[in-house]
Amino acid sequence: MVISEEVGLIKPDARIFTYFNRLLNLQANEVVYIGDNFNNDMLGAKQAGWHAFWFNHRGLDLPKSDYIPDQTVESPAELAELLQAMTVTAY
């Protein structure tokens with residue numbers, strides 16, 4: 001977990017997302033961010049090169065933006081379904 005106050009960066013500043021990448025030695029394309037605030041969550045994650053899923057449980061219209069979420073879900077059940085679909089089982 002990365003806490004804004006501890007690292008001196010706040011969303012949507014993409015540097016907080018890249019800080020997390022360095023912390024866990026991950027590439028941006030290896031991470032999916034799930035957030036419910038379009039401006040704070042989707043913009044920062046997309047600017048950092050992450051996949052971003054918008055948990056739009058409030059049923060808001062998609063804001064005009066240069067960035068769009070990779071997926072939009074509106075309920076916990078729909079989010080669980082999406083995450084289940086992403087699960088890969090190795091044989």
Find out whether Trp54 and Gln71 are in side-chain contact, i.e. whether some heavy atom of one side chain is under 4.5 Å from a heavy atom of the other.
no
Using modelled atom types and a 3.5 Å cut-off, is there a donor and acceptor pairing between side-chain atoms of Asp41 and backbone atoms of Asn37?
yes
So, Arg15 side chain and Ala48 main chain: donor-acceptor pair closer than 3.5 Å or not?
no
Decide if atom CD of Glu81 counts as having more than 12 heavy atoms of other residues, nucleotides or ligands within a radius under 6.0 Å.
no
Test side-chain contact (heavy atoms from CB on, under 4.5 Å) on Val32 and Phe53; report intermediate values, then the result.
CA-CA 7 Å; Val32 173; Phe53 296 172; 3.6 Å; yes
When you check the gap from the basic side-chain N to the acidic O, do Asp66 and Lys46 get nearer than 4.0 Å?
no
Would the distance check show the side chain of Asp70 and the main-chain N or O of Ala52 forming a donor-acceptor pair, the cut-off being under 3.5 Å?
yes
Please determine whether residues Ile3 and Leu23 belong to a single hydrophobic cluster, defined as Ile, Leu, Val, Met, Phe, Trp and Tyr linked transitively by side-chain heavy-atom distances below 4.5 Å.
no
Are Asp36 and His57 linked by a side-chain donor-acceptor pair shorter than 3.5 Å?
yes
Are side-chain heavy atoms of Leu83 and Ile34 found at a separation under 4.5 Å?
yes
Specify the closest pair of heavy atoms between Leu62 and Phe38, including all atoms of both residues, with the distance to one decimal.
CD1-CE1, 3.6 Å
Given the options Thr72, Leu82, Val73, Phe55 meets side chain to side chain contact (heavy atoms under 4.5 Å, CB included) only with Val73
How far does NZ of Lys11 sit from CD of Gln47, to the nearest 0.5 angstrom?
13.5 Å
Side-chain heavy-atom pair Phe17, Asn21 within 4.5 angstrom cut-off:
no
Ignoring hydrogens and angles, tell me if any N or O in the side chain of Glu78 forms a donor-acceptor pair with the backbone of Glu74 under 3.5 Å.
yes
CG of Asn29: more than 12 outside heavy atoms within 6.0 angstrom?
yes
About how many Å separate CG of Asn40 and CD1 of Ile10, when rounded to the nearest 0.5 Å?
8.0 Å
Identify the heavy atoms of Ala28 and Gly49 that sit nearest to each other, and give their distance.
CB-O, 3.6 Å
Side-chain heavy atoms nearer than 4.5 Å, only ILVMFWY residues, links allowed to pass through others: does that put Leu26 and Leu9 together?
yes
Roughly how far, to the nearest 0.5 Å, is the CD1 atom of Ile16 from the OG atom of Ser4?
3.5 Å
From Glu6 CD over to Met1 CE, what is the distance, rounded to the nearest 0.5 angstrom?
8.5 Å
What class does the angle between the rings of Tyr33 and Trp50 fall in, given that below 30° is parallel, 30 to 60° is tilted and above 60° is perpendicular?
tilted
